[in-house]
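Here is the naming used below: chain letters follow the sequence lines, and residue numbers restart at 1 for every chain.
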Amino acid sequence: MSPGYPSAMSALIEELRWRGLLQDATEGAAEHLAEAPRSAYIGFDPTARSLHVGSLLVIMDLVHMQRHGHTPIALVGGGTGLIGDPSGKETERQLLTKEQVGENAEGIRAQLAHFLDFEAKSNAAVMRNNLDWLGGLALVDFLRDIGKHFSVNQMMARESVKRRLADETSGLSYTEFSYALLQSYDFLELYRREGCTIQMGGSDQWGNITAGTDLIRRVEGGRAFGVVSPLVTNSAGKKFGKSEAGNIWLDAELTSPFQFYQFWINTEDTDTVRYLKYFSLLSQDDIGLLDAATQTEPHLRSAQKALAEDVTRRVHGETGLAKAVQATGALFGGDLSGLSADDVADVFSDVPSSEVTREKLGGEGMSIVDFLSESGVASSKGDARRAVEGGGVYLNNVRVEGIERRVTMADALEGRFLVIRKGKRSYHLVAVLP
RNA sequence: GGUGGGGUACCGAAGCGGUCAAACGGGGCAGACUGUAAAUCUGCUGGCUCAGCCUUCGGAGGUUCGAAUCCUCCCCCCACCA
């Protein structure tokens, strides 16, 4: 990077680089960003009503953009979401209805507001929906003005397309094949409407992004750039963002703040520093200290805690974080005997739960096996039996010694709750109905 | 359209008339060790009223005392040929 650029601007590329967020960029992108405030966009597919942690990395791209004085644009794919991007997908996507896509776009909009400042006086974040220009697009116009700039030969040469063509079992529909055109068109529209000159995304988007910069050059004679981030994997090379329970969502309804916090706390040592760089806003120095702490006193897991706190705070706010930390302390700190039922209710408000009637626990109560399978902790009675025999089931944090164990009202804390734990960290709360 | 090879549990893959609820590997769950980590080791991994019974091996029939295994038809994949 040559001297003479405003330092605050060129610092952006520097930061993306040390954080490992910069996988690749088109020629001249660094200089372009260093010269003046720019607008950069990322597209989000409204295929679900919530984003999940897999989207977090590119969200952080926009966060860094805004912090360094550029204008971030979040494009919700209300139009393209109706089609689906074939990149990296092995099979044809399920199409969503317009209503579903609309609802999902609303949810995503709300979540992005946790990360980006849409109210800022200068370089406020902007949200756009490509349905605005795709919705009323006439096919003939599109084919004439946009389609003629795309070479089918080139599109066929793309890895993602080739793979799908080679696989006779899945195939590739014309609809999905056209996705790259629509994404390129989005870029062109944002270039025209918002003066947006940069598209960011995951490295799997590289092909779609460069198709967009090409289109802008051909149609408008303008220069546009692409900057992509790596795809996140963990050290075992497995997909990031899944737990035993499935996807980790940003929506508290789908993944509670406690579960969200736990997801980060459980990060492997070897991944933690990398994730701190990716997902937190901690400085390079602070991360260095945490890295050192992991080396010298790994059992304290300072780095995991810092990571979990930083991310949970941003997604769920101070209140959500406080509850998650409190629940974690109560659960992993020791036994429950010191907690009142109210404490338990509070701490566990976040944990998966079910209900049982007082009647069932009366007298002899019910067998532990029935209790586990009816509460959903075990998938069947056989599963419940095996879990107990394997020594992995705890009632109110006390190990259940055998399958003859019966659960009665005497086990309910103040007659209101029972806490089941299966394994080390999978908790479940059962409320006693009056 | 022709010929040949296949479809087995979450995935991959053995089995090819009884000893098959089905080897083995992966994944998943649990236990031990730890630090709610990794690695490693151990157990479990169809359902149930659980030393027994019931339902599973692409689908439907059939042969047999007995079928994942044999036969018939159908559906779907793969390879080569046209």
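Listed pair A:Arg425 / B:A37 meets the phosphate criterion, a side-chain N or O lying under 4.0 Å from OP1 or OP2.
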Problem - Criterion salt bridge (Lys or Arg N to Asp or Glu O under 4.0 Å) on A:Asp269 and A:Arg301, from CA distance to verdict - result: CA-CA 8 Å; A:Asp269 285 8; A:Arg301 292 180 306 128; over 6 Å; no
Exercise for the section: Given salt bridge (Lys or Arg N to Asp or Glu O under 4.0 Å), test A:Glu401 with A:Arg405 step by step and report yes or no. Expected result: CA-CA 7 Å; A:Glu401 295 297 344; A:Arg405 176 75 152 87; over 6 Å; no
Report all side-chain donor-acceptor pairs from residues 306-315 of chain A shorter than 3.5 Å, counting only partners two or more places apart or in another chain.
residue  : atom : partner  : partner atom : Å
A:Asp310 : OD1  : A:Arg314 : NH2          : 2.4
A:Thr312 : OG1  : A:Ala308 : O            : 2.5
A:Arg313 : NE   : A:Glu318 : OE2          : 2.6
A:Arg314 : NH1  : A:Phe279 : O            : 3.4

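Atom P of B:C20 sits at a distance of 12 Å from the matching atom of B:A68, rounded to the whole Å. Rounded to the nearest Å, the gap between the C1' atom of B:G46 and that of B:A9 is 8 Å. Spacing between B:C29 and B:C80 at atom C1', rounded to whole Å, works out to 45 Å. On the C1' atoms, B:A14 is 15 Å away from B:A21, given to the nearest whole Å. Taking the C1' atoms as reference points, B:A13 lies 13 Å from B:A22, given to the whole Å. Comparing B:U72 with B:G28, their P atoms sit 43 Å apart, to the nearest whole Å. Going from the C1' atom of B:G15 to that of B:U19 covers 14 Å, rounded to whole Å.
Using a 4.0 Å cutoff on non-hydrogen atoms, the parts of residues 280-298 of chain A near RNA chain B are A:Pro298, ordered by number. Scanning residues 377-394 of chain A for heavy-atom distances under 4.0 Å to RNA chain B yields A:Ser380, A:Lys381, A:Gly382, A:Arg385, A:Arg386, A:Gly390, A:Gly391, A:Gly392, A:Tyr394.
With rounding to the nearest 0.5 angstrom, the CZ atom of A:Phe371 is 14.0 Å from the NZ atom of A:Lys381. For the atom pair CD of A:Glu106 and CZ of A:Arg109, the computed distance is 5.0 Å after rounding to the nearest 0.5 Å. Separation of atoms OG (A:Ser302) and CG (A:Asp291) is listed at 11.5 Å; rounding is to 0.5 Å.
Listed by chain and number, the residues in a ring-ring contact (aromatic ring centres under 6.0 Å, His included) with A:Phe118 amount to none (sequence neighbours excluded). The ring-ring contact (aromatic ring centres under 6.0 Å, His included) search around A:Phe187 returns A:Tyr41, not counting sequence neighbours.
Ring geometry for A:Tyr427 against A:Phe348 counts as tilted: the plane angle lies between 30° and 60°, on a 0 to 90° scale.
The CD atom of A:Glu401 sits 13 Å away from the P atom of B:G31 (whole-angstrom rounding). Going from atom CZ of A:Phe258 over to atom P of B:U36 covers 13 Å, rounded to whole Å. Note: NE2 (A:His299) to P (B:A38) measures 17 Å, nearest angstrom. One interatomic measurement links the two molecules: CZ of A:Arg421 to P of B:U36, which rounds to 11 Å at whole-angstrom precision. The CZ atom of A:Phe263 sits 14 Å away from the C1' atom of B:A37 (whole-angstrom rounding). Rounded to whole Å, atom P of B:G35 lies 21 Å from atom CG of A:Leu307. Across the protein-nucleic acid pair, A:Arg274 atom CZ and B:A37 atom C1' stand 15 Å apart, rounded to whole Å. In this structure, A:Asn266 places its CG atom 5 Å from C1' of B:U36, rounding to the nearest Å.
A 3.5 Å limit on both hydrogen-bonding distances identifies B:A79 as the Watson-Crick or G-U partner of B:U3. The partner of B:U55 is absent, by the rule that a Watson-Crick or G-U pair needs both atom distances under 3.5 Å. B:C70 is paired with B:G62 under the Watson-Crick or G-U wobble criterion, all donor-acceptor distances under 3.5 Å. Searching all strands for a Watson-Crick or G-U wobble partner of B:C10 with both distances below 3.5 Å returns B:G26. With a cut-off of 3.5 Å on both Watson-Crick or G-U wobble distances, the partner of B:U36 is given as none. Under the Watson-Crick and G-U wobble criteria, each requiring two contacts below 3.5 Å, nucleotide B:C20 is left unpaired.
Checked by distance alone, A:Gln304 brings no side-chain donor or acceptor within 3.5 Å of a matching partner on the base of B:U36.
In terms of position along RNA chain B, the nucleotide closest to A:Gly423 lies nearer the 5' end than the nucleotide closest to the other residue of the pair A:Arg301 and A:Gly423.
Residue contacts shown for A:Arg399 are limited to sugar-phosphate atoms, with no base heavy atom under 4.0 Å away.
With a 6.0 Å radius and a threshold of 12 heavy atoms from other residues, nucleotides or ligands, A:Glu253 has its CD atom at or below the threshold.
Screening residues 299-330 of chain A for ring pair (Phe, Tyr, Trp, His ring centres under 6.0 Å), with sequence neighbours left out, gives A:Phe260-A:His316.
For A:Thr328, whose side chain is taken as the heavy atoms from C-beta onward, the closest listed nucleotide among B:A30, B:A38, B:U36 is B:U36.
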